[in-house]
Amino acid sequence: MSAAILVCLAFALAWATTAIIERKSARLGLVQSPNSRSAHIQPTPTGGGASIAIVGILGFIFIAVQGNPKYAGAAAIGAAFAALGLIDDRFNLSPALRFPLQAILIGATVSLAGPLPAIALGSLQIVGLPLTAISVLAGLWWINLFNFMDGIDGIAGTQAILILAGASLILPSDQSPQLASGIIMAATAGFLTRNWPPARIFMGDVGSNFLAFAIFVLALFESGNSDTSYPIILILISVFMADATVTLLRRVFRGEKPWKAHNTHAYQQLARRFGHRKITLMYGAISLVWSAPIASLAGINPSISWGLVAIAYAPLLIVFLIAGGGQAHGQIK
């Protein structure tokens with residue numbers, strides 16, 4: 001079966017599955033009421049990201065059957081992440097339970113990816129146990145960061161597509177990561193037909209968990225081809241990373257618990273002023289005209305790739321700080 005047919009099937013299956021979840025959301029207990037983190041004022045179906053997880057897991061299994069056994073492990077870990085997210089959607093797990101389970105799954109993901117190239121910072125080479133520890137901590141932060149950034153209509157799905165597309169175009173990789181990325185991008189696009197502002201259904205933790213995991217595991221699979229992969233990936237995710245980091249630091253300095261639900265990210269502050277669609281498009285535009293070109297330059301000039309990471313992040317951190325990331329405000333009316 002050709003890659004084009006698989007991608008089309010992924011889009012169609014995700015679109016249909018999202019519509020079914022939307023219709024059955026009340027019976028499934030997947031209706032999200034407004035809370036302290038919400039950017040909506042009406043109860044809305046959630047858990048639609050299960051469609052992305054289902055299609056993505058099937059895609060991983062297909063690639064494994066074609067002769068790449070690592071993707072069988074990716075399917076299993078991805079299913080566990082999705083299940084954890086679905087349970088969280090239904091029962092609102094405490095961070096004390098959720099974080100250790102996520103850490104175990106991230107550790108399994110890093111182990112699955114196999115030996116990773118050293119992080120080369122000039123003459124400093126980070127390898128072995130320190131590299132593993134950094135990878136696990138980075139993965140745990142990324143899973144939760146992506147969930148934090150899924151707070152307005154369409155933003156998480158749009159960014160996921162742009163990150164995966166950028167990695168596929170810039171990073172040296174074989175056919176399997178390319179196909180997996182294509183399937184997940186198509187599934188995400190199918191979901192976005194119902195999640196685009198104004199959203200008819202939300203992604204939920206089941207979707208954000210799986211999608212963040214998929215980006216992470218594919219980045220690890222592709223990193224084996226080049227140590228330049230690390231700065232390229234960091235640049236591609238810079239829009240989400242910069243917003244979340246500014247917001248987290250500002251809240252911590254104010255004495256707030258970092259895991260407590262809130263709606264003070266820069267994108268949420270901006271969405272209250274300008275609306276979901278404009279901010280989702282604005283963040284997408286920043287990724288396209290700022291992050292992606294810098295990541296491409298890092299791929300072309302590996303010797304300056306870490307310097308380009310600093311160039312990519314510096315203005316974003318300033319912009320999101322000015323935009324009010326982490327700044328306290330009254331409840332949404």
Side-chain angles (χ1 to χ4, degrees), residues 109-110 113-142 145-146 149 158-175 177-178 180-181 185 212 214-249 266-267 282-323 325:
T109 304
V110 173
L116 299 174
I119 297 176
L121 299 171
S123 59
L124 176 63
Q125 299 282 316
I126 302 176
V127 296
L129 186 58
L131 176 59
T132 299
I134 289 172
S135 300
V136 171
L137 289 173
L140 187 60
W141 172 226
W142 171 246
L145 175 156
F146 195 87
M149 295 299 291
T158 301
Q159 285 295 311
I161 290 173
L162 293 173
I163 291 166
L164 288 169
S168 294
L169 292 171
I170 298 169
L171 290 174
S173 63
D174 58 29
Q175 185 177 1
Q178 297 277 349
S181 294
M185 283 189 284
I215 293 170
F216 182 68
V217 73
L218 291 175
L220 290 182
F221 284 173
E222 294 185 350
S223 69
N225 296 311
S226 170
D227 58 2
T228 312
S229 300
Y230 298 126
I232 290 173
I233 292 296
L234 283 173
I235 294 168
L236 288 173
I237 66 174
S238 59
V239 174
F240 265 18
M241 185 72 80
D243 188 336
T245 301
V246 164
T247 300
L248 175 69
L249 292 176
Y267 75 90
M282 184 188 82
Y283 272 55
I286 294 172
S287 291
L288 281 173
V289 305
W290 179 253
S291 301
I294 296 175
S296 298
L297 189 58
I300 296 170
N301 298 279
S303 62
I304 60 170
S305 58
W306 285 106
L308 291 171
V309 172
I311 291 172
Y313 275 82
L316 294 179
L317 293 170
I318 294 170
V319 167
F320 294 144
L321 183 64
I322 294 171

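For the atom pair CD1 of I126 and OH of Y230, the computed distance is 9.5 Å after rounding to the nearest 0.5 Å. Here CD1 of I233 is found 9.0 Å from CG of L220. Values are rounded to the nearest 0.5 Å. Rounded to the nearest 0.5 angstrom, L218 CG and I163 CD1 are separated by 12.0 Å. Separation of atoms CG (L321) and OG1 (T245) is listed at 12.0 Å; rounding is to 0.5 Å. Taken from CG in L164 to CD in Q178, the straight-line distance is 10.5 Å, to the nearest 0.5 Å.
Summarising the geometry of Q159 relative to V239, their closest heavy-atom pair is OE1-CB, 4.1 Å, with the distance given to 0.1 Å. Across all their heavy atoms, S287 and P293 have their closest contact at O-CD, 4.4 Å. Looking at every heavy atom in both residues, M185 comes nearest to A165 through SD-N, 3.5 Å. Smallest separation of non-hydrogen atoms from A312 and W290: O-NE1, 2.9 Å.
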Name each donor-acceptor pair under 3.5 Å that joins a side chain in residues 128-138 to protein atoms two or more places apart or in another chain, with its distance.
unit_1: T132; atom_1: OG1; unit_2: G128; atom_2: O; d: 3.3
unit_1: S135; atom_1: OG; unit_2: L131; atom_2: O; d: 2.8

Which atom pairs, donor and acceptor, lie under 3.5 Å between side-chain atoms of residues 113-124 and protein residues at least two apart or in another chain?
none

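In this view, T247 and D243, H265 satisfy the side-chain hydrogen bond (donor to acceptor under 3.5 Å, both in side chains) rule, not counting sequence neighbours. Here I300 pairs with nothing under the side-chain contact (heavy atoms from CB on, under 4.5 Å) rule; sequence neighbours left out. By the ring pair (Phe, Tyr, Trp, His ring centres under 6.0 Å) test, F216 pairs with no residue at all, sequence neighbours left out. For W142, the ring pair (Phe, Tyr, Trp, His ring centres under 6.0 Å) test picks out F146, with sequence neighbours left out. Residues that satisfy the side-chain contact (heavy atoms from CB on, under 4.5 Å) test with L248, not counting sequence neighbours, are W141, V252, P258. A295 is linked by a side-chain contact (heavy atoms from CB on, under 4.5 Å) to I170, I232, I235, L236, counting only residues two or more places apart in sequence or in another chain. By the side-chain contact (heavy atoms from CB on, under 4.5 Å) test, A323 is found to be paired with A266, L270, residues two or more places apart in sequence or in another chain being considered. Applying the side-chain hydrogen bond (donor to acceptor under 3.5 Å, both in side chains) rule to S291 yields the partners S238; only residues at least two apart in sequence or on another chain are considered.
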- Please test L308 against I311 for side-chain contact (heavy atoms from CB on, under 4.5 Å), starting from the C-alpha separation and ending with a verdict. CA-CA 5 Å; L308 291 171; I311 291 172; 4.1 Å; yes
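The backbone N or O of L234 sits less than 3.5 Å from a side-chain atom of Y313, completing a donor-acceptor pair. Y267 contributes no side-chain N or O that, together with a main-chain N or O of Y283, makes up a donor-acceptor pair within less than 3.5 Å.
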